[in-house]
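To start, the structure itself, in structure tokens.
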Amino acid sequence: MKIWLADLTYTQQSIASDVVPAGIGMIAEYTEKKVPNIDKIKLFKFPEVLSKNLNLNTPDLIGFSNYVWNSSLTDIYLKRIKEQNPNVITVVGGPNFPTDKDEQKDYLEKRPFIDFYIIKEGEHAFVSLVECLINNGSQNQLMELPNLVFNKNNFFHSSKKIERIMDLSQIPSPYLSNRLDEFLDGKLLPITQTNRGCPFTCTFCTEGQGYWTKVKRKPREVVEGEISYISEKMNKLPTNKRRTDLLIADSNFGMFEEDLETCKVIAKEQNKNNYPKYINVATGKNKKERVLEAAKIVQGAMKLAGSVQSLDPDIQQNIKRKNISSKEIVDMALKSSEIGANTYSEVILGLPGDTKEKHFQTLKTLVESSFTTISMYQLMILPGTELGSKETKEKYKMRTKYRVVPRCYGSYEIFNKESNVAEIEEICTSNNTLSFDDYLECRKMNLIINVFYNDSVFEEIISLIKCLKISIWDWLKEIYENSKLDQFTKFNDLLSDFLNDSENELWSDYSELRKFTEKKENIEKFINGKLGSNLIFKYKSRSLTKDLINIGQIAEKSTLDIIKKNKIQIKEIEIFIKDLINYKKCQIEDIFSLDKQKISNFKFDIPKFIKENKEIFSLSNLDNYKFDKIKNLEFLLSDDQIDQIKSYNSLFGTKIDGISRTLSRVYIKKLFRKYDKMNLDDLHEFSENNSRRWGGGLESI
């Protein structure tokens with residue numbers, strides 16, 4: 001039997017799901033181990049490569065993964081394959097599938113080109129199906145197989161036998177067998193997994209079901225072998241073409257003692273091959289001391305996740321997160337600064353019971369807990385989750401709309417016939433406690449936090465505000481209110497464009513949006529960036545490029561305003577704030593254009609202030625940071641930073657959407673220019689160079 005497996009991604013704007021297809025690699029390894037007399041299984045990631053191979057011949061059986069980012073792409077390939085050769089057996093697996101039996105039947109009736117759907121874990125179920133098909137098994141025999149759903153000849157069956165592999169050592173590593181070498185090309189993100197399962201039962205997550213509550217671990221020697229293997233492969237690529245990041249697919253990494261051993265292996269590779277520099281992972285929701293220790297071992301390369309979704313107790317009960325300690329999550333952020341770790345928390349807008357006030361209160365708590373990044377999401381209604389059920393939608397009067405998933409669209413030739421396709425997701429925009437208008441106001445605040453708080457973009461200003469014992473949340477609220485002032489029309493344009501795009505991307509009718517995306521001229525609008533961007537990251541990217549001066553101006557005004565409101569008077573504080581903001585401008589401006597050097601002049605010794613970062617900032621010590629004369633400070637990108645930026649520019653491009661992808665992948669602070677040295681300068685040159693400053697001048701000097 002000739003078998004092909006595909007985990008497709010869109011490619012025409014950029015590589016949308018840029019992850020090595022290790023999942024189908026494991027299925028291939030396990031199948032070849034268990035089933036004799038089959039050809040070597042082919043793997044496919046890119047649609048163009050699959051189309052080219054289909055033009056030459058078709059397999060006996062083809063399997064596809066099914067996620068929110070490739071479901072429609074999978075469908076269109078399956079449809080074309082069945083039209084070309086009805087005898088090809090088609091199998092689909094993945095979480096983007098309903099749990100309700102009636103909804104499963106409806107799903108398959110709408111997709112007659114799917115012969116079999118495998119739910120939950122795939123390896124054992126796929127092998128059982130292949131063995132049955134090779135032996136010409138009857139329908140009754142198919143009905144005895146685990147994890148299998150099908151709808152054949154008007155007969156619907158959904159297996160009652162749902163099984164997992166209890167011993168993960170039974171699955172050979174697709175890395176160590178060299179099967180995935182073709183995908184370790186520097187374009188795709190290497191991924192590994194040390195365990196499967198999640199002990200938590202969150203209603204919005206596909207792993208929030210009892211099936212996944214027992215956590216099963218991969219053998220330690222396999223984990224170590226894969227990390228070392230990936231590291232060696234990346235190290236052999238040219239420096240400007242290699243990936244410097246690693247994705248660990250565990251649901252709660254760092255929560256278990258074994259994870260510390262994994263971190264030691266990673267640290268060894270960091271010292272040997274300088275890889276990985278960034279670790280993308282969902283860290284444990286409890287056991288935060290252990291998670292902190294894990295981050296310390298890998299030298300701060302790991303993002304620490306404190307994913308609360310909401311800190312409101314009623315909402316937490318509604319989404320079944322009562323067994324997760326919010327206090328531990330908040331405490332972790334406060335302690336993580338000691339090791340310089342990048343921490344982030346996740347918040348979902350529109351959960352059952354949510355309101356504008358509750359959403360703002362959660363954001364306030366997280367901001368004041370010193371997370372370096374707060375990731376703010378809208379509530380996606382995912383098939384296969386409790387929140388995705390009709391019963392839950394009706395209970396909370398959830399009103400939903402549809403939009404195209406960012407970067408997930410394209411035009412592909414399959415058997416010499418062009419197909420225009422895009423992924424569509426359903427999101428909640430209001431419920432019985434949250435109006436649509438409040439939803440938009442929450443989105444506005446989400447963008448403000450992303451621009452002014454996340455990723456340490458204004459860490460110098462934030463340090464000053466903390467020193468003055470002023471609430472960071474109050475400062476962000478000041479920006480929120482000041483954005484309405486006439487003097488900040490350009491910044492308000494940024495917010496207005498964001499909110500307009502947020503409304504315009506939403507469709508009430510799924511079928512109408514589907515028709516819209518089937519037209520090539522519309523797909524081209526998505527590809528060229530006119531439609532379909534990840535709006536939070538798009539406007540964050542815009543704020544760091546074309547709107548950099550505008551955000552600096554409102555940050556300066558809001559900082560002065562909040563200081564005055566707190567009745568704090570400090571001589572020359574206005575100039576000091578201008579220097580703080582100018583310092584950040586010199587670090588950020590034009591880094592994606594690879595402008596290596598920035599020089600600007602300063603009245604205050606900002607590097608000294610940053611280094612000391614005093615807890616008490618009083619009227620008496622501002623002069624401690626004052627230069628005797630105006631000085632020029634020089635800021636430089638290191639060769640290593642240039643190589644990293646070149647690599648991401650090559651992967652994603654230098655337009656707004658490309659920069660958005662980079663921002664979603666890296667701790668951007670590590671790409672900021674570093675202060676290099678300072679030179680004495682005179683007031684005349686200082687005045688001539690004033691135009692470089694964000695505020696347009698320091699007239700008060």
Side-chain angles (χ1 to χ4, degrees), residues 4-19 21 42-58 62 64-85 88 90 92 94 96 110-111 113-114 183 185 187-188 402-426 501 504-507 509-535 537-538 650-658 660-661:
W4 293 0
L5 297 177
D7 177 18
L8 297 183
T9 178
Y10 290 86
T11 56
Q12 293 177 350
Q13 187 181 65
S14 64
I15 303 175
S17 174
D18 59 331
V19 179
K42 282 188 176 183
L43 305 183
F44 297 92
K45 181 71 179 179
F46 302 112
E48 298 88 346
V49 178
L50 178 57
S51 291
K52 183 177 180 180
N53 278 264
L54 286 171
N55 286 335
L56 299 175
N57 60 81
T58 54
I62 187 165
F64 286 83
S65 66
N66 184 33
Y67 298 95
V68 292
W69 56 80
N70 68 1
S71 183
S72 296
L73 186 60
T74 287
D75 284 352
I76 199 66
Y77 266 89
L78 286 164
K79 183 179 180 182
R80 296 283 181 260
I81 290 168
K82 277 293 192 181
E83 289 173 348
Q84 183 73 14
N85 184 355
V88 176
T90 56
V92 180
N96 200 45
K110 291 177 178 177
R111 297 166 176 81
F113 41 78
I114 298 177
F183 304 107
D185 56 0
K187 296 179 181 178
L188 296 177
Y402 302 91
R403 66 179 181 188
V404 171
V405 178
R407 300 181 302 278
C408 295
Y409 29 74
S411 299
Y412 294 98
E413 279 201 5
I414 311 169
F415 297 114
N416 300 314
K417 182 178 180 180
E418 187 176 70
S419 295
N420 304 300
V421 59
E423 301 303 324
I424 296 174
E425 64 182 356
E426 182 182 11
D501 281 354
N504 293 336
E505 73 172 354
L506 301 174
W507 292 63
D509 190 299
Y510 173 88
S511 60
E512 288 299 313
L513 178 54
R514 176 60 69 199
K515 290 177 184 177
F516 182 82
T517 59
E518 290 173 351
K519 296 180 180 179
K520 184 167 185 177
E521 61 267 27
N522 294 329
I523 290 296
E524 289 175 348
K525 291 177 183 176
F526 285 104
I527 292 172
N528 65 29
K530 291 182 179 179
L531 297 173
S533 301
N534 182 317
L535 296 181
F537 282 110
K538 174 182 176 179
S650 175
L651 282 171
F652 305 132
T654 57
K655 294 181 179 179
I656 291 294
D657 285 309
S660 300
R661 293 295 306 280

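Excluded from the calculations below are hydrogen atoms, water molecules and symmetry mates; all remaining heavy atoms, backbone and side chain alike, are included.
Qualifying side chain to side chain donor-acceptor pair (under 3.5 Å) partners for R111, counting only residues two or more places apart in sequence or in other chains: D75. Remark: P406 engages N534 in a side chain to side chain contact (heavy atoms under 4.5 Å, CB included) (not counting sequence neighbours). Under the ring pair (Phe, Tyr, Trp, His ring centres under 6.0 Å) criterion, F415 pairs with no residue at all, not counting sequence neighbours. Considering only residues two or more places apart in sequence or on other chains, K42 meets the salt bridge (Lys or Arg N to Asp or Glu O under 4.0 Å) condition with none of them. Annotation: salt bridge (Lys or Arg N to Asp or Glu O under 4.0 Å) contacts of E418 (sequence neighbours excluded): K520.
Among L651, I15, V19, T9, the one residue that satisfies the side chain to side chain contact (heavy atoms under 4.5 Å, CB included) test with L188 is I15.
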What pairs of donor and acceptor atoms, side-chain ones from residues 526-533 against any protein atom, are under 3.5 angstrom apart with sequence neighbours left out?
{"unit_1": "N528", "atom_1": "OD1", "unit_2": "K530", "atom_2": "N", "d": "3.1"}
{"unit_1": "N528", "atom_1": "ND2", "unit_2": "E524", "atom_2": "O", "d": "3.1"}
{"unit_1": "S533", "atom_1": "OG", "unit_2": "D657", "atom_2": "OD1", "d": "2.7"}

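Separating the CD1 atom in I81 from the CG atom in L50 is a distance of 6.0 Å, to the nearest 0.5 Å. From L8, atom CG reaches atom SG of C408 across 11.5 Å, with rounding to the nearest 0.5 Å.
Y510 and Y402 have perpendicular rings, their planes meeting at more than 60° on a 0 to 90° scale where under 30° would count as parallel.
Contact check on K187 versus D18 returns no salt bridge, with no Lys/Arg side-chain nitrogen under 4.0 Å from an Asp/Glu carboxylate oxygen. For E518 and K515, the salt-bridge test fails: no basic side-chain N is under 4.0 Å from an acidic carboxylate O. Using a 4.0 Å cut-off between a side-chain N of Lys or Arg and a carboxylate O of Asp or Glu, K538 and D501 qualify as a salt bridge.
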